[in-house]
A.B. asks: 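Once you've had a glance at the structure underneath, I'll fire off some questions.
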Protein chains: 2
Amino acid sequence: MNIPQPALLQQVKERLHAEGGRLTEQRRLIVEVLENHPDHPTAEQIYLRARESDETLHLSTVYRTLRWLEEEGFISPRWFEDERRQERFDMGMEGSQDHHHFRCRECNQIIEFSEPLVEQIKAIFMAQYGGKVDNATLILYGVCEKCRAG
Amino acid sequence: MNIPQPALLQQVKERLHAEGGRLTEQRRLIVEVLENHPDHPTAEQIYLRARESDETLHLSTVYRTLRWLEEEGFISPRWFEDERRQERFDMGMEGSQDHHHFRCRECNQIIEFSEPLVEQIKAIFMAQYGGKVDNATLILYGVCEKCRAG
DNA sequence: CTTAGTGCAAACCATTTGCATCTCG
DNA sequence: CGAGATGCAAATGGTTTGCACTAAG
């Protein structure tokens with residue numbers, strides 16, 4: 001299939017080393033899956049994909065690794081309204097610019113986009129209400145072009 | 001943009017009548033709690049407040065009523081990132097204009113605000129990616145003025 | 001060797017559902 | 001009286017955790 005990109009894996013390796021953590025086979029696999037499938041998978045989807053390479057991998061290990069990646073700022077969890085309690089994982093890295101999401105309620109596709117007006121909204125809010133806004137999540141819901149046409 | 005709304009209870013009464021539903025004591029209580037506490041309570045908070053007037057009220061009844069109110073467009077569920085799985089209920093009525101939220105991560109206060117730029121973002125997205133955007137949820141996270149000062 | 005990490009099973013917990021009973025209209 | 005609601009208990013399902021064992025460095 002796809003040749004794994006060393007970008008995320010390399011960063012993870014370095015962070016683990018700095019913290020006295022260990023790059024296990026399981027973690028390597030999970031990170032590879034994330035790199036090769038930037039389509040906001042659920043924990044279970046990551047689990048199933050990684051299991052194709054390691055039959056013994058357990059879902060709880062996937063969760064533990066995802067939580068660690070989240071704490072380290074490598075990924076972000078996302079929730080979409082039609083999926084109430086299920087979380088999806090976003091490769092967005094620490095320090096990278098905010099990006100936002102459109103979710104098609106027919107094909108469930110997620111489109112990422114950046115939108116400078118959101119910065120402006122933060123500024124307007126702060127001017128009006130005081131306080132400090134650190135980050136913003138914006139999700140648009142609708143029907144994508146393809147589903148409208150089809 | 002303030003369109004005076006008849007009290008929620010009155011609207012609920014009419015809708016129930018139109019559908020052959022019944023205005024039970026439990027539903028009346030739950031709707032009253034929602035009207036008197038527009039602070040985005042959780043199901044359990046609504047339950048506890050309503051129970052002060054009716055010891056026998058059960059949490060499942062609260063959930064069933066909330067789901068009905070949601071289907072009828074009287075309230076909307078909202079999720080905030082630091083509470084992963086818990087939902088909060090928003091009195092926003094059907095047909096009322098989109099409103100958005102700021103959440104203080106110290107005092108957990110929620111501030112509602114409207115922001116016309118969001119309409120503009122929807123239009124920009126549609127122009128760029130095609131498709132149709134129906135609605136948008138925007139949540140700002142940060143520290144409110146009071147908590148910053150304190 | 002040492003201890004971080006894993007597999008597994010059990011726990012968690014907000015929410016949902018099946019069913020016998022009650023009650024609103 | 002009869003359909004619609006409720007109380008209760010049990011189920012659900014994504015996520016988390018305790019523990020004994022395994023393996024990375």
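Chain letters run A, B, ... following the sequence lines, proteins first and then strands; every chain starts at 1. Atom set for the values below is all heavy atoms of this structure, side chains included, hydrogens, waters and symmetry mates excluded.
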A.B. asks: Describe the nucleic acid contact of B:Arg27 in one word from base, sugar-phosphate, nothing, applying a heavy-atom distance below 4.0 Å.
C.D. replies: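 The residue B:Arg27 makes sugar-phosphate contact but no base contact.
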A.B. asks: Let's test your reading of the model: under 3.5 Å, does the base of C:dG7 pair with the side chain of A:Arg51 as donor and acceptor?
C.D. replies: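 Absent.
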A.B. asks: Suppose we screen for ring pair (Phe, Tyr, Trp, His ring centres under 6.0 Å). Which residues come up paired with A:Phe125, at least two apart in sequence or across chains?
C.D. replies: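 With neighbours one apart ignored, the set is A:Tyr129, B:Phe102, B:Phe113.
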A.B. asks: With the side chain of A:Ser60 defined as its heavy atoms from C-beta on, choose the nearest nucleotide among C:dG7, D:dG14, D:dC8.
C.D. replies: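 Comparing C:dG7, D:dG14, D:dC8 against the side chain of A:Ser60, the answer is C:dG7.
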A.B. asks: Return the value, rounded to whole Å, for the distance between atom CD1 of A:Ile46 and atom C1' of D:dG14.
C.D. replies: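 Computing the A:Ile46:CD1 to D:dG14:C1' distance gives 14 Å.
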A.B. asks: When only distance counts, do a donor and an acceptor, one from the side chain of B:Arg64 and one from the base of D:dG4, lie under 3.5 Å apart?
C.D. replies: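 A donor-acceptor contact between them is absent.
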A.B. asks: Under the 4.5 Å side-chain heavy-atom rule for ILVMFWY, direct or indirect, which residues accompany B:Tyr141?
C.D. replies: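 ILVMFWY cluster around B:Tyr141 also holds B:Phe80, B:Ile110, B:Ile139.
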A.B. asks: If you find the nucleotide of DNA chain D closest to B:Gly20 and the one closest to A:Arg85, which residue's nucleotide is nearer the 5' end?
C.D. replies: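 Whichever sits nearer the 5' end wins; that is B:Gly20.
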A.B. asks: Nearest whole Å is fine: how far is D:dG14 P from A:Arg88 CZ?
C.D. replies: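 To the nearest whole Å, that distance equals 12 Å.
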A.B. asks: With a 3.5 Å cut-off and heavy atoms only, can you find an N or O donor on one side and an acceptor on the other between the side chain of B:Arg22 and the base of D:dG4?
C.D. replies: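 Pair found.
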A.B. asks: On the side chain of A:Arg28, is there an atom forming a donor-acceptor pair with the base of C:dG5 - under 3.5 Å, no angle test?
C.D. replies: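 Side chain to base: no pair present.
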A.B. asks: Between the side chains of B:His99 and B:Glu112, is a donor N or O closer than 3.5 angstrom to an acceptor N or O?
C.D. replies: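 Side chains of B:His99 and B:Glu112: pair found under 3.5 Å.
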A.B. asks: Within this structure, what is the CG-to-P distance between A:Leu57 and C:dG5, rounded to whole angstrom?
C.D. replies: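 A:Leu57 atom CG is separated from C:dG5 atom P by 15 Å.
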A.B. asks: Which sits closer to the 5' end of DNA chain C, A:Leu59 or B:Gln26, going by the nucleotide each is nearest to?
C.D. replies: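 Taking each residue's closest nucleotide, the earlier one in sequence belongs to A:Leu59.
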A.B. asks: Figure out the NE2/C1' separation between A:His17 and D:dG25, and round it to whole Å.
C.D. replies: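 Taking NE2 of A:His17 and C1' of D:dG25, I get 9 Å after rounding.
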A.B. asks: Assuming nearest nucleotide by heavy-atom distance, tell me which of B:Glu44 and B:Glu25 is located more 5' along DNA chain C.
C.D. replies: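 Of the two residues, B:Glu44 wins.
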A.B. asks: Please check if the number of heavy atoms outside B:His37 that lie under 6.0 Å from its NE2 is greater than 12.
C.D. replies: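 More than 12 within 6.0 Å, yes.
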A.B. asks: Separation of A:Leu29 atom CG from C:dG7 atom P, in whole Å?
C.D. replies: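 My rounded result for the distance is 10 Å.
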A.B. asks: Over how many whole Å does the gap from A:Ile30 atom CD1 to C:dG5 atom P extend?
C.D. replies: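 One finds 12 Å between P of C:dG5 and CD1 of A:Ile30, rounded.
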A.B. asks: Parallel, tilted or perpendicular: which describes the rings of A:Trp68 and A:Phe74, with under 30° parallel and over 60° perpendicular?
C.D. replies: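 Tilted: the ring planes of A:Trp68 and A:Phe74 meet at 30° to 60°.
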A.B. asks: Using whole Å, report how far OH of B:Tyr47 lies from C1' of C:dA14.
C.D. replies: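 To the nearest whole Å, that distance equals 14 Å.
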A.B. asks: Can a side chain N or O of B:Thr61 be found less than 4.0 Å away from OP1 or OP2 on D:dG7?
C.D. replies: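 Affirmative; the distance criterion is met.
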A.B. asks: Checking all strands, does A:Thr56 fall into the base, sugar-phosphate, or nothing category for heavy-atom contacts under 4.0 angstrom?
C.D. replies: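 Sugar-phosphate contact only.
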A.B. asks: May I have the distance from B:His58 (atom NE2) to D:dA10 (atom P), rounded to whole angstrom?
C.D. replies: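 Whole-Å distance recorded here is 11 Å.
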A.B. asks: Kindly say if B:Thr24 contacts the phosphate of C:dC24, meaning a side-chain N or O under 4.0 Å from OP1 or OP2.
C.D. replies: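 It does not, given that no N or O in the side chain of B:Thr24 lies less than 4.0 Å from OP1 or OP2 of C:dC24.
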A.B. asks: Shortest non-hydrogen contact from A:Met91 to A:Leu8?
C.D. replies: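 It is SD-CD2, 3.6 Å.
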A.B. asks: Looking across every strand, which nucleic acid part, if any, lies under 4.0 Å from A:Glu87 by heavy atom: base, sugar-phosphate, or nothing?
C.D. replies: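 Answer is sugar-phosphate: A:Glu87 comes under 4.0 Å of backbone atoms only.
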